[in-house]
A.B. asks: 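The following block contains the structure, expressed as structure tokens.
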Amino acid sequence: MISFLVALMPALIPIVLSLVFVLVLRSICIRIQRPREQRGDTYTPLSPTLQWMNTAGSILLATNEGDFRYMAGIYYPGNENKPEIVDSIKRSLWDYWGIQGHESAMDAMTRLVHSGMRVWYGEEMAKLEIIYHGYSEEELIEAAKLENPKADEDSFLPKMMMAYRRYGENALLGWDMGRAAYIIQWCYFVGYVSMEEVLEIGVEAGKKAQQYFQNWEEMMESYLLGGQFWQREDASDPNSMTAKRWKIYEALWKGQKPYKMIPYTTIPFDTPLSKEILTDKYGIMPAYQKHYKTENS
């Protein structure tokens, strides 16, 4: 029997090698053909909590052409020493948030987590509800057409009113928590807050979002709704900020260039968030620090 198998070996080897080649080729083809959003990307040196915070602020991070491997998309070794970048972030913090130091940073971020734009939204929608009480979505669209003949369900009035009826002021919770998770990292980048304070704000914002939303899709749609409310525009207008950010969001999900990493598949929405500092000053975990030539904080 053994001699018979030995005699067959020369004939069997090419067959076995052919089968192995076919199986390998098939696995490669499946990998290539599978939708990018199902593949996911797992490489990132940040702690899970910092990854979650970047993902919560993903649309803003992508708008600013950041890299998801780093805090706020920008904080990597040496970047904090570039005056043009630091000065640009400081100007943005002052212009948009009135932040110019530690006290104003913590005050602005704390207010964002505890009240934010959702309170203003709730107050305005409550007033509009009195005016449009009993209006169906179709009737709200018709009311919007008095100002914009091209109005549809994504126009400001029907979009805001229908969201308010469904979720109340928390329709904008994702907008507030996403910005808090991202902007506090800007404050850290320019030296206004400590890592402890980054995690304090980020974890509180994250836990609020996790208690209310079921997944990244719900939170990001809330974020986009908040941007639309802020700009007071129709999302169906292709030139609107809202429409442009929807395109960014869709590109992120598909892993389209230049967004190589799909943040929503890299870190689960229900990831446990921790205020414990697990990283160096750049937010990089110990296992990755040798690759980034960082110094522990």
A.B. asks: Would you please test Met109 and His114 for side chain to side chain contact (heavy atoms under 4.5 Å, CB included) and show each step?
C.D. replies: CA-CA 9 Å; Met109 294 299 99; His114 293 164; over 6 Å; no

A.B. asks: Should Tyr135 and Ile131 be regarded as members of a common hydrophobic cluster, given that ILVMFWY residues are connected when their side-chain heavy atoms come within less than 4.5 Å of each other, either directly or indirectly?
C.D. replies: yes

A.B. asks: List for me each residue that meets side chain to side chain contact (heavy atoms under 4.5 Å, CB included) alongside Gln100, sequence neighbours excluded, and say none if there are none.
C.D. replies: Trp94, Ser104

A.B. asks: Who passes side chain to side chain donor-acceptor pair (under 3.5 Å) against Glu196, sequence neighbours left out?
C.D. replies: Ser194

A.B. asks: So Phe269 and Trp52, would you call those rings parallel, tilted or perpendicular, with 30° and 60° as cut-offs?
C.D. replies: tilted

A.B. asks: Residues in side chain to side chain donor-acceptor pair (under 3.5 Å) with Glu137, at least two apart?
C.D. replies: none

A.B. asks: Please step through side chain to side chain contact (heavy atoms under 4.5 Å, CB included) for the pair Leu60 and Arg245, ending with a clear verdict.
C.D. replies: CA-CA 9 Å; Leu60 192 52; Arg245 291 196 172 183; 4.0 Å; yes

A.B. asks: What residues form a side chain to side chain donor-acceptor pair (under 3.5 Å) with Glu80, not counting sequence neighbours?
C.D. replies: Tyr282

A.B. asks: Before we go on, tell me: are the rings of Trp186 and Phe189 under 6.0 Å apart, centre to centre?
C.D. replies: no

A.B. asks: Using the side chain to side chain donor-acceptor pair (under 3.5 Å) criterion, which residues pair with Tyr75? Sequence neighbours excluded.
C.D. replies: none

A.B. asks: Any chance CD of Glu65 has more than 12 other-residue heavy atoms, nucleotides or ligands included, within less than 6.0 Å?
C.D. replies: no

A.B. asks: Using the rule that two of Ile, Leu, Val, Met, Phe, Trp, Tyr join whenever any of their side-chain heavy atoms come within less than 4.5 Å, decide whether Val113 and Tyr96 are in one cluster.
C.D. replies: yes

A.B. asks: Do any pairs count as a salt bridge (charged side-chain N to carboxylate O under 4.0 Å, His left out) and have a residue in residues 162-175, sequence neighbours left out, and if so which ones?
C.D. replies: Glu129-Arg165

A.B. asks: I'd like to check the side chain to side chain contact (heavy atoms under 4.5 Å, CB included) partners of Pro272; sequence neighbours left out, ordered by chain and number.
C.D. replies: none

A.B. asks: Got a sec, which residues hit side chain to side chain contact (heavy atoms under 4.5 Å, CB included) with Lys145, two or more places apart in sequence or on another chain?
C.D. replies: Ile141, Glu142, Ala151

A.B. asks: Taking salt bridge (charged side-chain N to carboxylate O under 4.0 Å, His left out) as the cut-off, I'd like each qualifying pair that reaches into residues 226-242, sequence neighbours left out, listed once.
C.D. replies: Glu124-Arg232

A.B. asks: Mind checking salt bridge (charged side-chain N to carboxylate O under 4.0 Å, His left out) for Glu153 and listing every partner two or more places apart, or none if nothing turns up?
C.D. replies: none

A.B. asks: Walk me through whether Ser222 and Tyr212 qualify under side chain to side chain donor-acceptor pair (under 3.5 Å).
C.D. replies: CA-CA 11 Å; Ser222 172; Tyr212 192 79; over 6 Å; no

A.B. asks: For Trp97, what residues pass the ring pair (Phe, Tyr, Trp, His ring centres under 6.0 Å) criterion, not counting sequence neighbours?
C.D. replies: none

A.B. asks: Kindly check if the number of other-residue, nucleotide or ligand heavy atoms within 6.0 Å of NZ (Lys247) is above 12?
C.D. replies: no

A.B. asks: Should the ring pair Tyr264 and Trp216 be called parallel, tilted or perpendicular, given that the plane angle runs from 0 to 90° and is split at 30 and 60?
C.D. replies: tilted

A.B. asks: Just jot down the salt bridge (charged side-chain N to carboxylate O under 4.0 Å, His left out) partners of Asp87, sequence neighbours excluded, or say none.
C.D. replies: none

A.B. asks: Any donor-acceptor pair under 3.5 Å linking the side chain of Asn215 with the backbone of Glu217?
C.D. replies: yes

A.B. asks: Classify the ring geometry between Phe229 and Trp120 as parallel (under 30°), tilted (30 to 60°) or perpendicular (over 60°).
C.D. replies: perpendicular

